Every structure is written in structure tokens, then in C-alpha cells.
Amino acid sequence: MIRFRFSVLPLVAAVALPSVVARAAPIPLIVEAESGSFSGWVDRHSCWHNVMLTDEPHSTHSGTGVVDTPNRTGSFIEVAYDAPRAGPHRITVRYTHLKPDPRPGQLWINGKDGPILPMPQNLALPAFKTDSAVVTLPQGRNLIRLVALADGGLGNVDYIKVAELREPDPGEVPRIVVLEAEDGLFEGKVDHHSCWNFIAQHPGPHTGFTGEGYVDADNKVGSFVEVTFEAPAAGRYQFAARYAHGKPDTRPAEVRLNGEVVAPALAFTSTGFWTRWTYVALPESVALRAGKNTLRLTAQSAEGLANLDHLRFTPVPAATAPVRLSEVIWGGVGCYKIELPMGTVYFEKDHGVSGFKSFVDPAGNDWIAAYMPPGPNGDFRGFPNSVGNFGHAGRNSGSTTAIVDGRTAGDLVVLESANADFTFQYWFFPDRIAVKVLRSKGEYCFLLETVAGGTADAADYFVAADGVKRPPRGEFPDFTPEWFYIGDPKAKHVLFLAKTPDDHAPNENHRQIRPGGLHNMDLYSFGRAGPEQKYRIHGLSGNDHVCVIGFLDASLPHAEIAARMTRYLADPFAR
């Protein structure tokens with residue numbers, strides 16, 4: 001029996017938002033990398049040489065996994081088989097065992113000892129092999145147990161197959177039943193390893209890729225993949241490349257569309273394993289011609305390109321709404337992309353994570369860049385980064401995020417994130433974002449980890465209401481009015497952060513310098529003390545606190561910025 005479990009996120013109505021009619025998602029255009037020209041070769045390997053320690057689905061087992069029994073004599077697997085008639089049956093065990101020690105198993109039928117299966121080491125590919133014996137089964141329910149006879153236990157068992165050995169009646173096929181080992185009674189655990197340590201040479205189909213294979217480009221600067229394809233209509237398209245990259249290095253690629261560079265160094269970061277496929281997307285859409293288009297990816301590092309599966313172009317619907325929300329893969333994870341005239345937010349939403357992963361100004365600079373270039377890597381960065389990693393990009397806090405009233409376009413879009421302790425709403429206006437606390441268990445803070453202007457520089461600064469430009473060195477443990485803006489002399493914008501109501505909670509600003517003098521990021525917060533007080537969080541509780549964040553033109557005079565802050569704090573939700 002299959003059970004479905006539904007999770008319902010409680011939405012607390014803060015404002016009545018008009019509903020919108022759901023529209024069908026645009027159908028993407030998929031272009032297989034191997035369909036074009038490239039420097040390299042098309043790979044169809046089923047696995048890779050070091051994948052055996054992954055938790056990815058095992059591409060060659062049947063059912064949901066294999067059973068890994070304890071390493072001891074007497075460990076067992078038992079399955080039940082209902083024989084429609086008595087007589088001889090062949091019992092076949094499918095297993096994998098790559099270590100040199102012998103791991104024989106004895107079949108016990110209905111509590112009585114039976115034949116011994118040697119189940120030797122399987123040095124030949126593919127990784128699984130079988131061993132079998134003939135037994136006589138009575139009609140009805142039979143318990144078939146495989147018991148380890150060696151200290152190493154059994155090999156990893158995929159299934160136990162039972163086949164009737166008799167002459168079939170005219171027009172009849174002898175009965176064969178496959179009993180998954182993990183569906184029976186056993187000692188040990190169910191293993192979902194994707195492959196084993198030397199299966200890389202097996203030319204079986206790689207279940208993770210689409211099309212006929214994927215492109216493994218030459219390991220050198222300048223190796224490339226180029227595809228020519230037909231677009232059904234001219235317009236803007238969101239471009240994403242599906243790839244796998246099992247090494248720790250980042251492999252940037254120049255992206256050239258119809259001869260023009262649309263991205264000088266699109267970063268293909270590690271996916272962890274060669275069988276873990278993900279998408280990397282350009283932050284902005286690209287323009288395709290109706291009919292023939294040519295796209296080329298060229299390696300910018302000596303390691304070449306990541307393994308490329310396919311290229312995806314998703315039509316971007318024409319929209320005049322100032323606020324638009326879509327779902328994208330950004331930095332290898334699922335995000336809501338919220339496009340505003342003021343800037344673009346990538347809000348991480350999958351796997352129990354919530355919060356700002358990237359905050360991109362109108363000039364294309366990412367002021368958060370959570371574990372992504374540009375800027376020094378080494379830490380996740382994000383906003384609002386409250387207690388227990390709630391709202392922190394890249395970190396699981398058991399959060400769930402939903403779109404309030406399903407509205408994805410207009411002059412306002414609202415997201416709501418919640419976990420066991422907190423519920424925050426994010427109101428996206430054309431000129432600002434207001435973060436509203438609906439529920440809190442204990443005290444919390446609003447924390448921004450930032451790389452001003454896209455990179456962490458010594459010249460980055462902040463300005464509070466007094467108009468004085470300062471580096472972040474902890475000058476305001478508490479101040480009023482509670483707003484400031486952050487700048488970089490090279491940037492055309494500043495990022496502001498404001499909070500209401502005023503309070504006496506601590507506020508933080510400091511520069512994080514890693515070993516070796518690496519300037520990793522700057523930190524600003526309301527409600528959290530700095531390193532001198534060991535980052536204590538206190539002073540903010542309840543649901544009356546609101547934080548406002550956004551970009552402004554850096555050429556605005558300080559007095560104009562101050563006037564805007566006064567207006568935003570007087571009514572953060574004014575439309």
C-alpha cells in the first residue's frame with residue numbers, strides 16, 4: 001500500500017491579495033550537448049570510479065536498493081514466496097561483492113537447511129552477478145532465508161528470484177517471481193549507493209543523463225561545446241546548462257550566443273559527484289532569433305569544462321508588472337527569482353532552506369554571492385540569517401516557503417517562510433523589500449552577510465543617519481534612528497538596511513578576515529552583538545519588528561536617502 005503525506009503550510013493573512021489565474025509553465029527548448037560540435041568525446045559510462053560512497057540512487061540495482069547485512073556469521077535476509085504448486089524451483093540470488101574475502105550463504109527453506117551458494121567475489125563487470133540452486137518447495141507460503149557462513153557476512157544482495165522448473169501447459173509461461181531483498185526481513189541496512197569502485201569501464205547507460213550521453217570536453221583552456229539549434233520564436237529565454245562535476249574546482253566557461261559574449265565566465269561549481277546532475281543558469285535572460293541560433297561554451301580553465309548533458313532555453317513571458325517571481329536553479333539549488341526595478345533576489349527554497357542566496361543590483365553585482373563567485377568563497381552568506389540558521393542560504397533549518405495567495409506578478413509579491421520556531425513574511429515592492437515577523441519562539445535578529453558591490457574590499461563602507469562614512473568596525477552597538485546604507489566606491493548603487501520600531505537591542509557591524517588575511521565578507525545586524533560579545537542575540541522578540549532592505553542609486557545625496565528611510569520606516573508596507 002502506498003501512502004501519500006501532504007504538508008500544509010499555515011499562511012497568516014496580513015493583507016488580502018487578489019488571486020491570479022494560473023498559467024501553464026513555458027515549455028523549455030532542450031538542446032543535447034552531444035548533438036553539436038566539441039573538443040572531447042561523448043561519454044556513455046554508467047558510473048565513475050569513486051562514486052561508491054555517494055548516496056545517489058544506484059543506477060544498476062533493481063527495486064529501491066540493496067541490502068547490506070552486518071559483517072558477521074549468521075546475518076541473514078528472508079523473503080516470503082507463495083508457490084501456486086509444489087515442485088522444483090530455482091532460487092537465484094543477485095548480489096555484488098567486490099572485496100577479496102569469500103562470503104558464502106546457505107539457503108534455509110521453511111526453517112530447514114538447504115544448499116550453499118558460494119557467491120564469490122565478482123571481479124568481472126557489470127558489478128552485479130548471480131548464484132543459484134535448485135530446491136523443492138511445497139505449495140503455499142514458503143520462507144526463504146539466506147544466511148551468512150563467513151565473518152564478512154553476505155555480499156550486498158539486490159534480489160532473490162524464484163522460478164518454477166516444470167514443463168509449461170500449452171500457451172503458458174513458467175512462473176518467475178523477483179523478490180526484492182529490501183522488501184523482506186533482514187539484518188543490516190538498505191543501501192542506495194549509485195555505483196562501485198571500478199564500474200567506470202562498464203559501457204552501460206548512465207541513468208542520470210538525457211539523450212545519448214554527455215560531452216566530456218578536453219582538459220585544457222579553450223576546449224568547447226558548440227550547438228546550433230532552431231528556436232520556435234524570437235524572444236527572451238532563460239538559459240541553463242545541465243552538468244555534472246565531481247571534482248572540487250570551479251570550471252568557468254565563456255558563453256557566446258550568435259557570436260556575442262553573453263557571459264565571460266559562467267561558473268560551473270562542483271556538484272559533489274560525477275553522477276549528480278544539476279543546472280547552472282545565467283542571471284539574465286538571453287535573446288534568441290526565430291530559427292537558427294548558435295551557442296558556444298568555451299573553457300576558461302586548464303581543467304576544461306564540466307561534463308555537459310544538455311542546454312535548456314525556457315521562454316520568458318512578456319510582462320509589464322514591476323514585480324515578477326519565477327522558479328529557477330541558482331547556484332545549483334532551487335530558488336524563487338524575484339525581479340524588481342530596484343534589483344533581483346534569488347530566494348533559496350528547497351531542502352529546508354530559506355532566505356536570500358543572492359541580491360543582485362541593477363548593474364549585475366551580487367551583494368551576497370552565497371558560496372558563489374564573484375568574491376572570495378569559503379562561507380555561505382545570506383539574509384536575514386536569524387536564529388538556528390532560519391533564513392540562512394545554504395543551511396537547513398527545516399523551513400518551508402510558499403507564495404502567499406499564489407500571486408507571482410504585480411506591484412507586490414509576498415513569500416512566507418516558516419519552521420517550528422519562526423514565521424517570516426517577505427513583501428517584495430518595486431523599490432524595497434519589507435520583512436515582517438508573524439511568529440517567533442524566543443529572540444531573533446536580522447543579519448546581513450554581504451560583499452558590497454560584489455566583492456569584499458577594504459574600501460567598503462557604511463553610512464548611518466549622521467552621514468559619516470565608516471568601515472565596519474563595530475561603531476554602533478545601539479543607535480537611532482535604526483537605518484544605514486552600505487557602499488563600495490566602485491559600485492553605482494548602495495544597499496540600505498532599516499528596522500522599525502526603534503529599540504535598545506544591540507546592533508552589529510564588523511569585517512570578517514579569514515586566516516591568511518582573506519577578507520571574506522562584512523556583517524551587519526539588528527539584534528545581535530558582534531564578536532566582542534560572542535554574537536549574543538537579544539532584544540528582538542514578538543511580532544512587531546520589521547526590517548526593510550533594498551538598493552538605491554549611489555549618486556543620491558545623503559539627505560535624499562535619509563528622507564526615503566524616514567518614509568519607509570513610517571509605513572514599511574505602504575503601496
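Everything numeric in this text was worked out from a predicted model, so none of it was measured.
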Taking the side chain as C-beta and beyond, is there a heavy-atom pair between T250 and F268 under 4.5 Å?
no
F422 vs S397 side-chain heavy atoms within contact, under 4.5 Å:
no
Does a side-chain heavy-atom distance below 4.5 Å link W367 with F383?
no
Under the 3.5 angstrom rule, does the side chain of H558 hit a backbone N or O of A465 as a donor-acceptor pair?
yes
Contact summary for W330 and A281, nearest pair of heavy atoms
CZ3-O, 3.7 Å
Without hydrogens or angle criteria, can the side chains of D421 and Y444 be said to hold a donor-acceptor pair below 3.5 Å?
no
Using every non-hydrogen atom in the two residues, find where T401 and S417 come nearest and quote the distance to one decimal.
OG1-OG, 2.7 Å
Check whether D309 reaches the backbone of Y243 with its side chain - one donor and one acceptor, N or O, closer than 3.5 Å.
no
Donor-acceptor under 3.5 Å (R511 side chain, A458 main chain)
yes
Above 12 or not: heavy atoms from other molecules or residues under 6.0 Å from CZ of R536?
no
Does the plane of the ring in F428 sit parallel, tilted or perpendicular to the ring in F356? Use 30° and 60° as the thresholds.
parallel
Using the ring of each side chain (for Trp, its six-membered ring), is Y336 parallel, tilted or perpendicular to F347, with breaks at 30° and 60°?
tilted
Hey, would you say the F484 and Y461 ring centroids sit under 6.0 Å apart?
no
Regarding R564 and the six-membered ring of F496, is the cationic atom NZ or CZ under 6.0 Å from the ring centre and inside 45° of its axis?
no
Between Y237 and F313, what is the ring plane arrangement, given parallel below 30°, perpendicular above 60°, and tilted in between?
perpendicular
